[in-house]
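Only a predicted model underlies this, so the values are computations on that prediction, with no experimental measurement involved. In listed order, ligands and their atoms are each counted from 1.
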Amino acid sequence: MNQNDNASEGTNQSQTVLSAAQPTGQLTLGNYLGALRHWVPLQDQYANSLYCIVDLHALTVRQDPQELRQRVMELAAIYLACGIDPQRSTIFIQSHVPAHSELNWLLSTFTQMGELERMTQFKEKAQRHKTNINAGLFSYPVLMAADILLYDAHKVPVGEDQKQHLELARDIATRVNGVYGKIFQVPDPLIAKEAARVKDLQDPTKKMSKSAPSELAKIMLLDEPAKILKKFKKAVTDSEGVIRYDEQNQPGVANLLTIFRACTGQSEEEALAHFSHNMYGKLKVETGEAVIAALDPVRTRYQELMDEPGYLAGVLKEGAVQARARAEGVMGRFQEALGLTLDGTRFGDA
Ligand code: AMP
Ligand code: TRP
């Protein structure tokens, strides 16, 4: 598998990229460095790019309807503020393209319980949400496979935590193709080498997650500069007192170095040389400053966009129209193969 396929290698002018994020609370620095930041250059490297706001996935946890609506608009503004360009990419809301749900059902009949039981994210979430382990949480990766297979996506840029879900999408696609001939494009993950897993600032053995209970553990994309600096100053390190890259024994320092490098573009050697005679204090402050510089334009643009709700709605409406049209090809092919059509159509189709 091309898990380390670098997005900058070669142009792929006939291929499609697709990715998505859940509209559940603000995004973290991990989402930005591990995922969103990499989506921007792909717009120039691939013929088609689609970026989805997966509101149906968010429903695996009970949501307040008014808040969900707000979160969807915020995420759309974040996509644009990070540099996703509606002229070059299709930006849309998952539930506004009903084919996602339909394909989800069809694919679930090609997915084994055992495959879903093995998903580490399900196991983790089931631990956390003890009182609401709903069937949607269990079949979450099937809906994700539907998101991807619906558009014949070749490449799916995600953080490392999504690799297992991507493998399942590939297995489902291959299985269906094995029975019916080529129905689906088998997607490859695009996992950036840099910052694929940004860690929690308070417990650097865990990934930085929106759901971490401690505010100090995570940097939110829209945090004010002073807050960012404060969180970095309080980041957990160790008592070794030497700045080197050793993920095993010094996970906190390694995480700060990773973040510093991702935000400054420095190589490992450059960063280590830069901090060679320093203490952790300087590493923390300079990492905080590098993050502030990287996020500043995003925050400014986000605020401008949130003042233009009409514009955002227009982008999402156009995106939904484009996505619905694109989804028809795959759905038609699959329905036909399964025997769900009569004389090539369905009653009620236009
Ligand atoms: P989510 O917030 O779970 O909807 O994730 C959206 C995207 O961000 C996915 O591609 C994740 O792999 C990526 N992502 C989430 N957390 C991190 C992290 N701590 N480091 C790197 N990538 C991440
Ligand atoms: N499961 C992904 C996450 O939590 C979000 C997601 C849903 C996704 N559908 C997708 C990512 C399709 C890429 C492609 O990060």
Problem set entry | Electrostatic pair Asp152-Arg333, nearest N-O below 4.0 angstrom | yes
Exercise. Are side-chain N/O atoms of Tyr302 and Glu304 paired as donor and acceptor at under 3.5 Å?
Worked result: no
Problem set entry | Heavy atoms from other residues, nucleotides or ligands near CD of Glu247 exceed 12 (cutoff 6.0 Å) | no
Exercise. Should the pair Glu286-Lys233 be classified as a salt bridge under the 4.0 Å nitrogen-to-oxygen rule?
Worked result: no
Exercise. Which ligand 2 atoms does Val156 reach within 4.0 Å, using its non-hydrogen atoms?
Worked result: 13 (C), 14 (C)
Exercise. What protein heavy atom sits nearest atom 2 (C) of ligand 2, and how far off is it?
Worked result: Gln162 OE1, 3.4 Å
Exercise. If you measure only the distance, is there a donor-acceptor pair under 3.5 Å linking the side chains of Ser49 and Gln43?
Worked result: no
Exercise. Side-chain donor-acceptor pair under 3.5 Å between Asp55 and Ser95, yes or no?
Worked result: yes
Exercise. What atoms in ligand 2 come closer than 4.0 Å to a heavy atom of Val54?
Worked result: 7 (C), 9 (N)
For this session: Of the side chain and backbone of Leu143, name the one, both, or neither that has a heavy atom under 4.0 Å from an atom of ligand 2.
Result: neither
Exercise. Do ligand 2 and His165 have nitrogen or oxygen atoms that lie under 3.5 Å from each other?
Worked result: no
Exercise. Starting from atom 9 (N) of ligand 2, which protein heavy atom do you reach first, and at what distance in Å?
Worked result: Asp147 OD2, 2.6 Å
For this session: Would you sort out whether Tyr151 and Asn48 count as a side chain to side chain donor-acceptor pair (under 3.5 Å), showing the intermediate values?
Result: CA-CA 10 Å; Tyr151 300 99; Asn48 300 295; over 6 Å; no
Exercise. What part of Ile148 sits under 4.0 Å from ligand 2 if we count only heavy atoms: the side chain, the backbone, both or neither?
Worked result: side chain
Exercise. Less than 6.0 Å separating the ring centroids of His274 and Phe260?
Worked result: yes
For this session: Below 4.0 angstrom from a heavy atom of Val158, which ligand 2 atoms are there? Numbered from 1 as shown, please.
Result: 11 (C), 13 (C)
Exercise. Have Gln202 and Ser214 got a donor and an acceptor in their side chains that come within less than 3.5 Å?
Worked result: no
Exercise. Nearest protein heavy-atom contact for atom 8 (C) of ligand 2: which residue, which atom, what distance?
Worked result: Ala20 CB, 3.6 Å
Exercise. Considering only the protein, which heavy-atom contact is closest to atom 1 (N) of ligand 2, and what is its distance?
Worked result: Tyr140 OH, 2.7 Å
Exercise. Which ligand 2 atoms, with their elements, are less than 4.0 angstrom from a heavy-atom of Gln22?
Worked result: 4 (O)
For this session: Measure from atom 7 (C) of ligand 2 to every heavy atom in His57, Lys210, Gln94 and give the option owning the shortest one.
Result: His57
For this session: Report yes or no: is the cationic atom of Lys125 (NZ for Lys, CZ for Arg) under 6.0 Å from the centre of the six-membered ring of Tyr140, at an angle within 45° of the ring normal?
Result: yes
For this session: Decide, yes or no, whether a salt bridge links Lys123 with Glu117 under the criterion of side-chain N to carboxylate O below 4.0 Å.
Result: no
For this session: Determine whether the side chains of Thr341 and Gln335 contain a donor N or O and an acceptor N or O closer than 3.5 Å.
Result: no
For this session: Report yes if Gln121 has an N/O atom closer than 3.5 Å to an N/O atom of ligand 2; otherwise report no.
Result: no
Exercise. Rounded to the nearest 0.5 Å, how far apart are CZ of Arg71 and CD1 of Ile78?
Worked result: 10.5 Å
Exercise. Who are the residue neighbours of ligand 1 when the rule is a heavy atom under 4.0 Å from any of its atoms?
Worked result: Ala21, Gln22, Gly30, Asn31, Gly34, Ala35, Val158, Gly159, Asp161, Gln162, Ala195, Ala196, Arg197, Val198, Lys207, Met208, Lys210
For this session: Under 4.0 Å from a heavy atom of Leu18: give me the atoms of ligand 2 that qualify, with their elements.
Result: 12 (C), 14 (C)
